[in-house]
There are 2 protein chains.
Amino acid sequence: MVEGGIQTSRSAPATLHDVAREAGVSLATASRSLNGSTRKVNEEYRKRVLEAAARLDYSPNLSAQAVARGTTTTVALLVADIADPYFSSIAAGVVAEADTARLIVTMAATERDPERELELVRTLRGQRPRVMILAGSRPTTDPTEGALGEELRAYERSGGLVVLISRNELDLRTVLVENLSGAEALARELVGIGYRRFAVITGGEGLRTAADRVEGFRAGLAATGGELRDGDVIRAAFTRDGGYDGMRRLIERGLGDIELVFAANDVMAVGALSAVRDAGLTPGTDVAVAGFDDIPTVRDVTPALTTVRVPLEELGRRALRLALGDADAADEGAVRTEVVLRESTPRRD
Amino acid sequence: MVEGGIQTSRSAPATLHDVAREAGVSLATASRSLNGSTRKVNEEYRKRVLEAAARLDYSPNLSAQAVARGTTTTVALLVADIADPYFSSIAAGVVAEADTARLIVTMAATERDPERELELVRTLRGQRPRVMILAGSRPTTDPTEGALGEELRAYERSGGLVVLISRNELDLRTVLVENLSGAEALARELVGIGYRRFAVITGGEGLRTAADRVEGFRAGLAATGGELRDGDVIRAAFTRDGGYDGMRRLIERGLGDIELVFAANDVMAVGALSAVRDAGLTPGTDVAVAGFDDIPTVRDVTPALTTVRVPLEELGRRALRLALGDADAADEGAVRTEVVLRESTPRRD
DNA sequence: GACGTGCGAGAAAGCGCTTCCCCGGAGGCA
DNA sequence: TGCCTCCGGGGAAGCGCTTTCTCGCACGTC
């Protein structure tokens, strides 16, 4: 059911001009009273202006302020897919932090398409956002990489702040995640509780984040005697369905003596879990599964998923704080990860 | 690790003025060439302007355009919690549709606080968005309800478009969801496969959406002979933890002869599932669980959750299309829901 | 009492755009 | 050839703000 709102006589929103007139003061004074300035304003005037503004339901036109001030209160956020819990958690962090900094965030989705990402950066630059945050890595082999770098650097030159989340491809401010060492720690722990033979399901062609995690995992195994054959590294889309598909292929091909499958992120791992079940096997028992990220839902799948916790919301917050020049944020180094063992990787004796 | 971007000489972004000079034409002609106008421009001139723009890496200042045109290309989206899959799916839909309409979306989170929501509406009005979409209902008993309505109506009077998603509390454009009939259909089906004794876990105090779902469920039971005692309607937070908590209380209190627990949304249902498991019971077997929404993850929990599918992304798309005056969107009526039976409610004979 | 000095109100000049309006030139028609 | 009509370029006004700059006024000082 759809109801049209009652359209009363259209009335343009009150302008500062209206407020000034209503209060009987100049435009300048009205501006100074409402939108803080270094200059003092007679208390009596200020009061009159505030009252007039309230009476007229005045709300400053942010675009006009932006034009006049030459700076906006906007931060632009680019993610691959808003519905993906990894990105929506990061987004939640960015939005929360933006709120405390009285900034407004505008959001766009690249849908994992580098062309689109470039396009979006171009469009969003038109907004003259104070900060631009890019989350989600792109293929390392991407041909538009150069163009993107160019675009971002031009944006920085014009006074913008760029922060990348978990992708240190370009020489820009970055919130780094311990992908490598996190995956390595995971591998060590898994070997520690008795696993020896592993397979990996990783994201598409040369995705930086995925590649790092696999590399770290491999390093951890190498150090502890776990085994991962090259043929047991499966490529699939970096999504739930990708994970499902990867695991299906693995099973169809025959698991052999593989004891544990590490998916390069949790959404894939969750898909993998379902693939195991759909194949009539019991995840955890017949084959163990581990993921990466610790997105909220992995507590609630069965078996609960072993993973590497990444404080995703914190990632978003850090990104913005870093841009805004928070010294702490800059000093904290890479974001800590932490191995979380759960039932999907039961101790193996 | 944090790297400061290489700060080359700061250079303000090129303005239209620069482009016009570079191309040797007037400001007016440059404007007309770049940002479509009804008036024709000499092909030769247009070409020169376009080239100049490319050379200078010109990107129009959207704020300035907004001021000059008196209208923005922004749509504002208010959700309760960005990390909640219900809202992030809706957001994904809004963003996708905005993209095709060449609109930019700015997002804010109310954190389920009506005061905050009101506050945010006020702030966002400053942006002069073309459209404002509010998702997620508020308590029906909310004291700020009037103020919110006032604010929204003022916004509409000034030419803004408001769309509410699944909350017909105010007399405004709304994308309605078949909460009532969906829940009713669910109840009928559940009774149809053999369930008789039910309990319900619902959201906090008078949340419209939750209330409708419970009411519909009740109606369905009443029509088919299912039983839901008043004492078996549990209130909890409208979140995963709320669902967990509600189920825990239900179990501690003693399930008695309750066969199925209906949670008013999927995130609660997923929490409830975990509570069942943590209590040492087997969901589906010892007690069946059903939810509402069909968020992506419910396919992957065990047992897979019976629920009522709401096309969430479509909800977001519809909201925007409705605002933009898409006739189809207006005519389609409430968004269809569909009962999806899965393993969490096995046939009971 | 003459003359700084500091304070703060208000006029006005922008900010980067769009668009109205003027006007010159090209073309059509008798 | 003369006149009228389009066509389309460019000047300039304006959008809603901020911020310089001007300037009157109330003090304080000798």
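Computation of the quantities below employed the complete heavy-atom set of this structure, encompassing side-chain atoms and omitting hydrogens, waters and symmetry-equivalent molecules. Owing to the predicted nature of the structure, the values given are computational and were not obtained by experimental measurement. Just so it is clear: chains get the letters A, B, ... in the order the sequence lines come, proteins before strands, and each one is counted from 1.
Contact check, A:Y45 against C:dC7: no side-chain N or O comes under 4.0 Å of OP1 or OP2. Contact annotation: B:N35 side-chain N/O to C:dC17 OP1/OP2 distance is not under 4.0 Å. Under 4.0 angstrom from either OP1 or OP2 of D:dC17 there lies no side-chain N or O belonging to A:S31. Between B:S26 and D:dG10 there is a side-chain N or O to OP1 or OP2 distance below 4.0 Å. Under 4.0 angstrom from either OP1 or OP2 of C:dG16 there lies no side-chain N or O belonging to B:Q65.
Distance CG (A:N61) to P (D:dC17): 5 Å, rounded to an integer number of Å. Summarising the geometry, the separation between NE2 on B:H17 and P on C:dC15 is reported as 9 Å, rounded to the nearest angstrom. Between A:L16 atom CG and C:dA9 atom P the separation is 15 Å, expressed in whole Å. As rounded to whole Å, 16 Å separates atom P of D:dC25 from atom CG of A:N42. Taking atom CZ of residue A:R46 and atom C1' of nucleotide C:dA9, one finds them 14 Å apart after rounding to whole Å.
Contact annotation: side chain of B:R69 to base of C:dG16, donor-acceptor pair absent below 3.5 Å.
Residues A:A28 and B:E43 both approach DNA chain D. Their nearest nucleotides, taken by heavy-atom distance, put B:E43 toward the 5′ side.
Looking at heavy atoms from C-beta onward, A:L152 lies in side-chain contact with A:M132 at the 4.5 angstrom threshold.
Comparing atom distances between the B:R39 side chain and each of D:dG8, D:dG9, C:dG10 picks out D:dG9 as nearest.
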Please test A:S63 against B:Q127 for side chain to side chain donor-acceptor pair (under 3.5 Å), starting from the C-alpha separation and ending with a verdict.
-> CA-CA 7 Å; A:S63 293; B:Q127 284 215 60; over 6 Å; no
